[in-house]
Amino acid sequence: MTSGMRTIAARAHAKVNLHLGVGELRPDGYHDLVTVFQSLDLSDTVTLEIAPDTDWVMQGTIVSGLSVSGLDAAAVPRDDSNLAWRAVDALVEYYRRHHNLEDSNRVHLSIHKGIPTAGGMAGGSADAAAALVAAHAFLSERFPKLRAAVLLDLAADLGSDVPFTLQGGTMLGTGRGEQLTPLLSRGTYYWALVFFKEGLSTPVVFRELDSLREQGRVPEPRMDTEGLSKALLTGNPREVARHLHNDLEAPARQLRPDVERMRRAGLEAGALMAMVSGSGPTVAFLCGSELHARDVLDDLLADGAYSGTVAHGPAKGAHLIS
Ligand code: ATP
């Protein structure tokens, strides 16, 4: 960072899907989803480094570059395909169109990753949400603050999981996962998370599900979350464990046999329940307490072949940290 440069940083959290029901393939290429998201304390940080007032941009992107550090940093794009970069561009465009933004300082983005990339934990989406929050704080110094609904619309255009990572907590997601309704949830849930060196591409996992369905090799979609909603009211992880479900688990297991081996190992190590997180390959083990989660994780990581962490949820949405 050059001297005189100001920074604004925001943090956003990973998610697990406690329930992920995948319905029909829609004409727009997305699937109808019924999902229950829980945000976890595992997070990424996005920092805007704002160039001095001598460096103005009138059109095009205001982002001069992007750097990445932390977990899986090498797998994260550093160009305008990065979701955090696209989030800043989208917000600037909105201010140009609706609030006569004519010039802006140039900004550099730096992302610190704690969330695995292509792990089914919404890492890219979290970065987009954090970038929206940081860029909104910056632009609303000179222009009006946007309503939450406007930010949520921008988030939904960036990706199906971005509205949830913006909001956090425990939410029911419908549509392609972007239409959110808060759910009541009591207590704190502890997870042992096991990461895989090689990620899984979300579209590939959905295509595998479609092909397993064509062959009649998977059960019907599960779109009912009533049992889970009731279990979340008890605050009892044993109740919640009985209602975890993910329709993407079968295709993820099909594509990656090591996922199935890890699931079994975690159950043998005493986890209450094992579940692929989102489109995988991260495997999430629900445990009864933080200590229990540490024991399970120690067991699973003992031979050094995998990495992972203990996390708890629900956590909050994307927020400023400076
Ligand atoms: P989800 O759970 O939302 O399906 P995921 O956690 O499986 O997503 P991401 O970590 O969001 O996957 O990354 C998916 C792909 O998106 C990556 O392989 C990468 O090419 C691209 N990508 C774009 N921006 C980012 C970012 N800021 N961090 C990580 N990956 C990004």
Side-chain angles (χ1 to χ4, degrees), residues 10-20 22 30-31 33 35-40 42-48 63 65-90 108-135 155-156 158-168 171 173 176-178 180 193-209 246-249 251-252 255-256 259 275-284 311 318:
R11 177 167 295 150
H13 295 263
K15 57 83 181 163
V16 281
N17 303 79
L18 305 178
H19 179 99
L20 181 47
V22 182
Y30 289 99
H31 290 77
L33 302 183
T35 187
V36 175
F37 294 107
Q38 182 184 80
S39 56
L40 302 182
L42 191 67
S43 65
D44 285 358
T45 304
V46 176
T47 306
L48 287 187
V63 181
L66 183 148
S67 45
V68 188
S69 60
L71 186 65
D72 295 339
V76 177
R78 282 146 209 257
D79 56 14
D80 60 5
S81 70
N82 191 298
L83 274 177
W85 187 318
R86 290 181 39 209
V88 174
D89 283 353
H108 178 92
L109 288 177
S110 68
I111 302 179
H112 187 75
K113 303 281 303 178
I115 307 172
T117 291
M121 302 201 74
S125 305
D127 297 348
L132 276 180
V133 167
L158 290 161
S160 306
D161 289 343
V162 184
F164 176 71
T165 49
L166 197 57
Q167 303 249 82
M171 299 240 177
R176 52 186 170 85
E178 87 291 10
L180 299 172
L193 303 172
V194 176
F195 306 147
F196 290 68
K197 284 196 187 82
E198 206 184 320
L200 264 176
S201 146
T202 305
V204 169
V205 178
F206 274 98
R207 278 202 293 277
E208 180 68 18
L209 176 65
N246 182 359
D247 277 344
L248 290 180
E249 185 156 311
L255 291 164
R256 295 288 291 274
V259 162
M275 188 185 58
V276 168
S277 174
S279 54
T282 303
V283 184

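One-based numbering, in listed order, for ligands and for the atoms of each. Both backbone and side-chain heavy atoms feed into the values below; hydrogens, waters and symmetry mates do not.
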Margin query: Measuring from atom CD of E198 to atom CG of D72, what distance do you get when rounded to the nearest 0.5 angstrom?
Written below: 11.5 Å
Checklist line | Candidate with minimal heavy-atom separation from atom 25 (C) of ligand 1, of G177, A130, G124, A131 | finding: G124
Next item on the list: Just jot down the ligand 1 atoms closer than 4.0 angstrom to any heavy atom of K113, in number order.
Entry: 28 (N), 29 (C)
Check: Do any N/O atoms on A122 end up under 3.5 angstrom from N/O atoms on ligand 1?
Finding: yes
Note to self: Any atom of ligand 1 sitting under 4.0 Å from a heavy atom of G278?
What the structure shows: no
Check: Do any nitrogen or oxygen atoms of P77 come within less than 3.5 Å of a nitrogen or oxygen of ligand 1?
Finding: no
Notebook entry, point to check: Do V22 and T35 have side-chain heavy atoms sitting under 4.5 Å apart?
Noted result: no
Notebook entry, point to check: Relative to ligand 1, is S160 under 4.0 angstrom through side chain, backbone, both or neither, heavy atoms considered?
Noted result: neither
Next item on the list: For S277 and M121, work out which heavy atoms get closest and say how close.
Entry: OG-CG, 3.7 Å
Notebook entry, point to check: Should A84 be counted as touching ligand 1, given the test is an N or O pair under 3.5 Å?
Noted result: no
Next item on the list: Spell out, as yes or no, whether a donor-acceptor pair under 3.5 Å connects the side chain of K15 to the backbone of G120.
Entry: yes
Next item on the list: Inspect the contact between K113 and D127 and indicate whether a charged nitrogen and a carboxylate oxygen are less than 4.0 angstrom apart.
Entry: yes
Next item on the list: Name the option, out of A14, G120, S279, that contains the heavy atom nearest to atom 7 (O) of ligand 1.
Entry: G120
Margin query: Is it the case that ligand 1 has an N or O less than 3.5 angstrom from some N or O of A75?
Written below: no
Next item on the list: Have a look at ligand 1 and work out which part of T117, if any, has a heavy atom under 4.0 Å from it: side chain, backbone, both or neither.
Entry: both
Next item on the list: Could you list the atoms of ligand 1 found under 4.0 angstrom from a heavy atom of S81?
Entry: 23 (C)
Margin query: L200 versus ligand 1: do any nitrogen or oxygen atoms come within less than 3.5 Å of each other?
Written below: no
Notebook entry, point to check: Quick one: does ligand 1 sit under 4.0 Å from the side chain of T202, the backbone, both or neither, non-hydrogen atoms only?
Noted result: side chain
Check: Would you say the side-chain atoms of T165 pair up with the backbone N or O of D161, donor to acceptor, closer than 3.5 Å?
Finding: yes
Next item on the list: Mark up the atoms of ligand 1 that fall under 4.0 Å of a heavy atom belonging to L83, in ascending order.
Entry: 23 (C), 24 (N)
Check: Can you check whether G278's main-chain N or O pairs, donor with acceptor, with N246's side chain at less than 3.5 Å?
Finding: yes
Next item on the list: Would you check if the side chain of R207 reaches a backbone N or O of T202 as a donor-acceptor pair within less than 3.5 Å?
Entry: no
Check: Any protein heavy atom lying closer than 4.0 Å to atom 15 (C) of ligand 1?
Finding: no
Note to self: In the structure I gave you, are the side-chain heavy atoms of F195 and V283 within less than 4.5 Å of one another anywhere?
What the structure shows: no
